[in-house]
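One structure below.
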Amino acid sequence: MHRCVGGVCVSLIVCAFLTETLGMVIAAKEKRGWTLNSAGYLLGPHAIDSHRSLSDKHGLAGKREMPLDEDFKTGALRIADEDVVHTIIDFLSYLKLKEIGALDSLPSSLTSEEISQP
Amino acid sequence: MLVIMGLSRNETVIWTEEHMDTNQTTDTFGPEVVIVPVIFGCIFFLGIIGNTLVMVVIGKIKSRRSRSTTNIFILNLSIADLSFLLFCVPFQATIYSLPEWIFGAFLCKFVHYFVMVSMLVSIFTLVAMSVDRYIAVVLSKKSPCIRNRRNALIGVCVIWMLSFIFAVPVAQHQILTDHPKAPNSTFCWEIWTERVAKHTYKVTILVIGYLLPLLLITCCYAKVLYHLHKKIKNMSKKSERSKRKTAQTVLLVVAAFLICWMPHHIIAMWVEFGQFPLNDASFAFRIISHCLAYGNSCVNPILYAFLSENFRKACKQVFTCRFFYSPPPVEKVVRIRMENFSMTHSTTNI
């Protein structure tokens with residue numbers, strides 16, 4: 001019985017360390033990584049806005065061939081859709097938000113904006 | 001007119017690509033969607049088994065030992081670690097496997113509030129146990145007056161009250177929100193209106209939740225070891241072995257606490273005062289910090305309970321009683337064991 005308990009303890013320790021080691025190894029192989037959910041959870045909305053602008057640039061550089069095809073598809077969809085007005089409104093809202101985002105990315109304006117908030 | 005049209009086209013392209021990114025994130029099954037919950041699940045079950053076993057064994061003991069201050073703190077530690085695993089692991093795993101928060105506004109506040117509470121209770125209990133051992137070993141003459149059930153229970157109440165109070169800002173600022181890049185999704189994020197207040201709170205948690213506890217634990221155990229070292233000359237070989245075991249346990253405890261919580265606090269300070277990068281390496285580092293923090297709740301029952309010879313004897317006794325309870329002659333044997341048990345306990349106290 002004494003040996004059994006000892007064995008249980010040892011196996012618990014081994015399992016714990018193996019699990020953590022496994023976690024490290026597998027985590028190191030992650031490719032997809034951060035999502036809007038996990039990044040915002042850690043950094044908060046303001047910081048993630050500035051980060052997203054960086055990732056957007058990277059995305060643009062990586063997808064130069066895609067825009068042409070998507071442009072055609074989007075055009076076709078827009079002609080067919082009856083929600084053209086809704087789409088335009090969303091797009092205009094996005095433009096405003098992007099302006100705010102552009103301001104946030106600059107350190108001086110970020111500081112001034114934070115001062116104005118409270 | 002032509003210039004305006006050109007600009008609008010560029011903007012359209014950018015917007016479309018970002019929308020695609022969102023879709024890709026939602027549609028494709030990345031490995032982290034499966035792997036992260038599995039890893040967290042393993043730690044979860046290990047912790048549940050270990051802490052539950054501790055609670056069962058201590059609850060079953062009906063001798064004087066169940067009243068000892070050490071067992072009260074061990075029990076409280078298991079309750080805190082169990083709460084931490086139950087309220088932290090399942091929900092935080094979804095941060096990495098789901099695109100949004102799906103549990104509603106109440107759980108958004110309560111889960112993160114209780115994550116902070118149980119984390120602080122766990123850490124404060126480790127400190128209390130270090131102080132308890134210091135009093136037992138170094139202040140052995142005054143020990144009977146100080147180390148009693150009443151004082152231990154008072155300590156436990158103070159620990160929980162302090163933890164509830166210090167965690168209040170989390171409940172205030174952890175709110176359900178949305179984001180322009182995912183208009184139909186809701187997120188459970190921490191949003192502070194004043195950056196200075198956030199900085200102050202994060203540093204406070206670092207100090208009272210890591211640096212100060214680490215200092216206190218290290219000092220208490222250092223004095224314990226120093227005191228035992230002095231006594232080495234008067235001790236027999238058995239006592240010397242006991243001293244070595246104590247030293248090993250002490251080092252393991254401090255090392256486990258130091259290692260398990262360091263990455264978590266490094267990331268917290270990095271986010272707060274630096275520019276935390278979002279890349280593959282930082283993602284791995286973040287996952288590791290979670291695994292280690294959870295791992296501490298798994299390791300605690302092993303370090304404090306199962307490595308203790310007395311606890312193993314108690315464990316053996318509890319399960320032995322279950323098997324051989326009915327025959328009357330065995331009861332006498334059990335009584336004899338309990339007598340030996342109490343003698344061993346008193347020896348350890350000295």
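Reminder, nothing fancy here: chain letters follow the sequence lines and each chain counts from 1.
Looking at A/Asn37, its side chain does come within 3.5 Å of a backbone N or O of B/Leu98 through a donor-acceptor pair.
Interface remark: B/Ile267 contributes side-chain atoms only to the contact with chain A (heavy atom separation under 4.5 Å). Heavy-atom distances place no part of B/Ser185 under 4.5 Å from chain A, backbone and side chain included. There is no contact between B/Glu272 and chain A, counting heavy-atom distances below 4.5 Å.
Ring planes of B/Phe283 and A/Trp34: perpendicular class, angle over 60° (limits at 30 and 60°). Between A/Tyr41 and B/His112, the ring planes are tilted. Angles from 30° to 60° get that label.
For B/Phe45, the CZ atom is loosely surrounded, since the number of other residues' heavy atoms within 6.0 Å does not exceed 12.
The CH2 atom of B/Trp189 lies 9.5 Å from the CG atom of A/Leu43; values are rounded to the nearest 0.5 Å.
Side-chain contact between B/Ile95 and A/Leu42 is absent, with no heavy-atom pair separated by less than 4.5 Å. A/Pro45 is not listed as a side-chain neighbour of B/Thr177, based on a closest heavy-atom distance of 4.5 Å or more.
Listed options B/Ala268, B/Gly47, B/Pro183, B/Ser282 were ranked by heavy-atom pairs under 4.5 angstrom with chain A; first place goes to B/Ser282.
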